[in-house]
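We name chains A, B, ... by the order of the sequence lines, and we start the count at 1 in each one.
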Number of protein chains: 2
Amino acid sequence: MNDSPDVNTKSALLAAAIQVFADKGFDSATVRDICGRAKANVAAVNYHYGSKDGLYAAVLAEIFPTGEERHAQITPDLSPEERLREFIRGLASDIFERGSDTIAQRWAIFLREMAKPSGNLDYIVQHHVQPRADELRCILSEILGPNAPDTTLAYCSANIWALMLDHLLIQPILDRLTPDRPAADNGLDLFVDHVFRFSLGGLKAMKG
Amino acid sequence: MNDSPDVNTKSALLAAAIQVFADKGFDSATVRDICGRAKANVAAVNYHYGSKDGLYAAVLAEIFPTGEERHAQITPDLSPEERLREFIRGLASDIFERGSDTIAQRWAIFLREMAKPSGNLDYIVQHHVQPRADELRCILSEILGPNAPDTTLAYCSANIWALMLDHLLIQPILDRLTPDRPAADNGLDLFVDHVFRFSLGGLKAMKG
DNA sequence: ATATGCTTGAAACATTCGTTTCAAGCATAT
DNA sequence: ATATGCTTGAAACGAATGTTTCAAGCATAT
């Protein structure tokens, strides 16, 4: 098994696929475009990944790795409010981090998958959303107290997700409504502070 | 000019296009599928609407009519809090109303357009989002008081939109996370109450 | 009744898609 | 050196796409 040429085209194919799928979406992405960027032959996709669907599955496996159980990051000795803040900060920096393109592309693909679910959404939810949702639910449960009904807990959990995700979703709308708004990725701390305060206010309103 | 057959196929084409575009998205929708549902010939699309893009533009013009200036519905003599509640209720019933399929399909197309903006997103935002956003901003300005910075106002406005829209966006995710959650369209009042309380709590937290 | 203009229908158009084929290339093992 | 197995490249495949063509149909106006 030769390493450099073989693995190179295969991984180049994967990297190009991440770009194109994030940019165009699955339907609009073409294998010829992907192979072109990877400087590979058109047949390479089917050879290395079986099909376009197989390549997409490989992309999802790459950007949503199975072992992504990072929800032990938050130190448990903090107050639930501070843990909520850490949760929000972690999610926000993950979404708006400009360091790696892969992260932005991950959320772009995630967004596309939400707007037009394919059979792979289950996989993404299971490995990418579920752990964080459980963690958030745990935090909210402590903040809201043991007497909070499940309905409230579910709604509030969805709400806080919404505050983060929508900022990703409605970005193109905000660009059209208020082009001069403060960029979320520049003043990330500002954004985190706001979401934290707003969320906490909302939660307390549900409590009392 | 004959009315019944001519206009019938043209409007049948439009109705079928709304269905297919909402269901499959623009790229995945095919003119043959649309014409099939409209019981029309394949050439009918290009004859009546010039092209597939022209048909899509006609669909947008149909479900996002220009004269949609409905933001005078809310009675101005209410308190800003009550107007916020009315705003949330109006938006919620608009999103989750089960009466007309067209409304649900409108939001489906809107969602697709947000996830993968085409050149028509400007049009939608201008005629569908802008008036409501202005109205919400006006309400929030009263609630937050005159001293609230524009940043806070913009953030809070986006937040409340988020609470509503995300419930539309993450529906397929919620189906996978908590399949037994209360359906928002059944207990719509419940949902409205929650969002209103949560929002008001968040707003007050931004004030103090 | 005849002619005109708009609409439809069947067929084919050219293009693009994902996929397949197969020979050539190349590294490694014998 | 020879053979084997994996990988690449060019070409073509069949299917599906949006679009066009053109003759036939049909209503209305003269």
Rounded distance in Å - [atom1] ([X]) to [atom2] ([N]):
{"X": "Lys10(A)", "N": "dT8(D)", "atom1": "NZ", "atom2": "C1'", "result": "15 Å"}
{"X": "Tyr47(A)", "N": "dT7(D)", "atom1": "OH", "atom2": "C1'", "result": "5 Å"}
{"X": "Arg32(A)", "N": "dT19(C)", "atom1": "CZ", "atom2": "P", "result": "11 Å"}
{"X": "Lys24(B)", "N": "dT17(D)", "atom1": "NZ", "atom2": "P", "result": "10 Å"}
{"X": "Asn46(A)", "N": "dT20(C)", "atom1": "CG", "atom2": "P", "result": "6 Å"}
{"X": "Leu13(B)", "N": "dG9(C)", "atom1": "CG", "atom2": "P", "result": "11 Å"}
{"X": "Asn41(B)", "N": "dA11(C)", "atom1": "CG", "atom2": "C1'", "result": "10 Å"}
{"X": "Lys52(A)", "N": "dT19(C)", "atom1": "NZ", "atom2": "P", "result": "8 Å"}

Are OP1 or OP2 of dT8(C) and a side-chain N or O of His48(B) less than 4.0 angstrom apart?
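So the side-chain polar atoms of His48(B) do come within 4.0 Å of the phosphate oxygens OP1 or OP2 of dT8(C), strictly under.
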Is there a side-chain contact between Thr9(A) and the phosphate of dT8(D), meaning an N or O under 4.0 Å from OP1 or OP2?
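Indeed, a polar side-chain atom of Thr9(A) lies that close.
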Need to verify one output field. Residue with the more 5' nearest nucleotide on DNA chain C, Lys39(B) or Phe26(A)?
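It is Lys39(B) whose nearest nucleotide is closer to the 5' end.
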Do Asn41(B) and Thr9(B) make a side-chain contact, defined as non-hydrogen atoms from C-beta onward lying under 4.5 Å apart?
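A side-chain contact under 4.5 Å is absent here.
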Is dT28(D) paired to anything, Watson-Crick or G-U wobble with both distances less than 3.5 Å, and if yes, which nucleotide?
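Paired with dT28(D), as far as the under-3.5 Å criterion goes, is dA3(C).
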For dC22(C), the Watson-Crick or wobble counterpart (both distances under 3.5 Å)
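Across any shown strand, dC22(C) pairs with dG9(D).
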Mutual orientation of the aromatic rings belonging to Phe21(B) and Phe26(B) [parallel < 30°, tilted 30-60°, perpendicular > 60°]:
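Correct class here is parallel.
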Derivation of the ring-ring contact (aromatic ring centres under 6.0 Å, His included) call for His127(A) and Phe64(A)
CA-CA 7 Å; His127(A) 292 297; Phe64(A) 300 114; 9.3 Å; no
Please tell me which of the listed nucleotides, dT19(C), dG18(D), dT7(C), lies nearest to the side chain of Val31(B)?
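Closest of the options to the side chain of Val31(B): dG18(D).
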dT8(D), dT19(C), dT19(D): which one has an atom nearest the side-chain heavy atoms of Val42(B)?
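Among dT8(D), dT19(C), dT19(D), the one nearest the side chain of Val42(B) is dT19(D).
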Report yes or no: do Ser51(A) and Asp53(A) form a side-chain donor-acceptor pair below 3.5 Å?
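Absent: no donor and acceptor within the cut-off.
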Nearest heavy-atom pair of Ile18(A) and Ile109(A): which atoms, and what distance?
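Closest approach of Ile18(A) to Ile109(A): O-CD1, 4.2 Å.
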Using a cut-off of 4.0 Å on non-hydrogen atoms, how would the nucleic acid contact of Ala43(A) be classed: base, sugar-phosphate, or nothing?
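Counting heavy atoms under 4.0 Å across all strands, the contact made by Ala43(A) includes a base.
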